[in-house]
Number of protein chains: 2
Amino acid sequence: MTETAPPADASLPAIGVRTTRQRQAILTALTGRTHPMTAQAVHTALTGAGHRIGLSTVYRALHRLAEVGLLHSFEVGGERAYRRCPDTTHQHLLCDKCGLITECPPHLVDAWLTELRATTGFTPHADRIDLHGHCADCTAAAR
Amino acid sequence: MTETAPPADASLPAIGVRTTRQRQAILTALTGRTHPMTAQAVHTALTGAGHRIGLSTVYRALHRLAEVGLLHSFEVGGERAYRRCPDTTHQHLLCDKCGLITECPPHLVDAWLTELRATTGFTPHADRIDLHGHCADCTAAAR
DNA sequence: CTCCATGCAAACGCTTTGCACTGAT
DNA sequence: ATCAGTGCAAAGCGTTTGCATGGAG
């Protein structure tokens with residue numbers, strides 16, 4: 001398994017991606033967020049903050065950045081949303097209530113996936129698991 | 001947990017859905033399929049088979065039938081696809097190669113979900129889990 | 001007889017693409 | 001100097017909706 005550990009901020013050239021004002025802005029906007037953002041949301045946020053950037057650029061950049069592993073993309077209600085990946089974990093817990101995405105403890109999944117595979121013959125994509133539900137906070141709030 | 005066991009063919013009225021020529025055709029087209037179909041695919045199949053049915057009717061019917069539990073819907077590459085549910089299991093294994101959908105043995109999941117919840121506080125939607133990967137056949141074919 | 005359901009066509013919203021220009025390497 | 005990246009506007013595509021008609025209960 002090749003490590004795609006995301007560089008802190010911008011070692012873009014090292015991955016074969018040119019460093020541009022727009023891409024930096026997008027990465028910055030996405031940094032520190034626990035909730036994913038759609039292309040439109042990113043565009044609105046950036047233009048609202050005074051940046052000059054085209055919508056299609058946002059789409060293309062997000063696509064590219066996800067491709068090289070700097071972002072993770074999620075299917076949220078028929079829309080594509082992106083988030084910076086905080087680590088190498090690609091197993092996510094998505095809260096359908098508040099949109100929060102947390103990482104799933106790998107060891108917890110791996111054992112189960114192995115068992116699943118052994119039992120059913122089905123080979124799960126261990127590096128791309130999105131589990132829907134309610135996060136701890138929303139679960140607590142619901143009671 | 002309320003049982004939503006799908007009636008063999010058409011106890012539609014019992015669920016509050018009127019029995020129409022179009023809905024029966026849709027259910028028939030979907031019966032016995034292991035792969036899900038998109039609205040467009042269903043429409044093409046039906047009109048190709050000589051049925052007179054509007055595209056929007058297909059959309060509305062699929063939506064409604066999924067709502068009452070006769071169909072399961074899946075997000076497949078940004079599109080919505082539907083399949084008749086063979087049983088009460090709502091935990092699916094989706095093959096990204098051939099599109100095959102199989103049911104996941106409930107006991108295998110439930111224990112794990114319980115553990116996940118206890119460990120993380122996250123409450124998974126146990127009745128709506130879609131796991132992507134390669135089915136047994138495609139896994140075998142790949143080697 | 002009353003509504004739910006249908007068909008058609010228009011509208012919608014998100015995303016992609018063509019093309020000429022800009023800017024990073 | 002070269003070519004990836006950008007901006008704009010138009011097109012694409014799956015899906016939804018308004019409205020008048022049709023058929024199930």
Side-chain angles (χ1 to χ4, degrees), chain A residues 7 9-30 36-68 70-71 73-83 99, chain B residues 7 9-30 36-68 70-71 73-83 99:
Chain A
D9 229 1
S11 330
L12 294 182
I15 333 176
V17 180
R18 289 191 180 172
T19 308
T20 66
R21 180 174 49 81
Q22 293 86 340
R23 287 174 176 176
Q24 288 176 319
I26 291 177
L27 283 176
T28 302
L30 245 25
M37 292 178 83
T38 64
Q40 314 248 9
V42 171
H43 182 247
T44 304
L46 290 183
T47 53
H51 287 83
R52 250 191 62 258
I53 186 171
L55 179 56
S56 49
T57 299
V58 176
Y59 274 103
R60 284 190 271 231
L62 289 175
H63 201 256
R64 187 98 182 80
L65 293 172
E67 193 178 41
V68 299
L70 277 181
L71 299 177
S73 77
F74 303 86
E75 193 78 35
V76 177
E79 292 184 23
R80 191 123 229 113
Y82 297 82
R83 199 189 62 142
Chain B
D9 229 1
S11 329
L12 294 182
I15 332 175
V17 180
R18 288 191 180 173
T19 308
T20 66
R21 177 175 50 83
Q22 294 87 339
R23 287 174 176 174
Q24 287 175 320
I26 291 177
L27 283 176
T28 302
L30 245 25
M37 292 179 84
T38 64
Q40 314 246 10
V42 170
H43 182 247
T44 303
L46 289 183
T47 52
H51 287 82
R52 251 191 64 259
I53 186 171
L55 179 56
S56 50
T57 300
V58 176
Y59 275 104
R60 282 190 272 231
L62 289 175
H63 200 257
R64 188 97 182 81
L65 292 173
E67 194 178 41
V68 298
L70 277 182
L71 300 177
S73 77
F74 303 86
E75 194 76 37
V76 177
E79 293 184 20
R80 192 125 227 112
Y82 298 83
R83 198 189 61 141

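Just so we're on the same page: letters track the sequence lines, and every chain starts at 1.
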Could you check B:Gln40, B:Arg64, B:His43 and say which one makes a side chain to side chain donor-acceptor pair (under 3.5 Å) with B:Tyr59?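 In the set B:Gln40, B:Arg64, B:His43, the residue that makes a side chain to side chain donor-acceptor pair (under 3.5 Å) with B:Tyr59 is B:Gln40.
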Calculate, to the nearest 0.5 Å, the distance between atoms CD and CZ belonging to A:Glu75 and A:Arg80 respectively.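 Nearest 0.5 Å value for the CD-CZ distance: 4.5 Å.
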Phosphate oxygens OP1/OP2 of [N]: is one of them under 4.0 Å from a side-chain N or O of [X]?
X       : N      : value
B:Thr57 : C:dG7  : yes
A:Tyr59 : C:dT15 : yes
B:Thr20 : C:dC4  : no

Here's a test of your reading of the structure: between B:Gly54 and A:Arg21, which maps to the more 5' nucleotide of DNA chain C? B:Gly54
Heavy-atom check, side chain of A:Leu70 versus side chain of A:Ile15, under 4.5 Å: yes
Is any side-chain heavy atom of B:Leu71 closer than 4.5 Å to one of B:Leu27?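 Yes. Closest side-chain heavy atoms under 4.5 Å.
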Rounded to whole Å, please give me the gap between [atom1] in [X] and [atom2] in [N].
X       : N      : atom1 : atom2 : result
B:Leu55 : C:dA5  : CG    : C1'   : 15 Å
A:Arg52 : D:dC8  : CZ    : C1'   : 11 Å
A:His43 : C:dT16 : NE2   : C1'   : 15 Å
B:Ile15 : C:dA5  : CD1   : C1'   : 16 Å
B:Arg23 : D:dG22 : CZ    : P     : 19 Å
B:Gln40 : D:dT16 : CD    : C1'   : 12 Å
B:Tyr82 : D:dG14 : OH    : P     : 14 Å
A:Glu67 : D:dG5  : CD    : P     : 10 Å

Using a heavy-atom cut-off of 4.0 Å across all strands, would you classify [X] as base, sugar-phosphate, or nothing?
X       : result
B:Arg80 : sugar-phosphate
A:Gln22 : sugar-phosphate
A:Ser56 : base

With respect to the side chain of A:Arg18, which nucleotide from D:dT15, D:dA4, C:dC14 is positioned closest? D:dA4
Side-chain donor/acceptor contact of A:Arg60 with base of D:dG7 under 3.5 Å: yes
Passes side-chain contact (heavy atoms from CB on, under 4.5 Å), B:Leu30 versus B:Leu62? Steps please. CA-CA 10 Å; B:Leu30 245 25; B:Leu62 289 175; 4.0 Å; yes
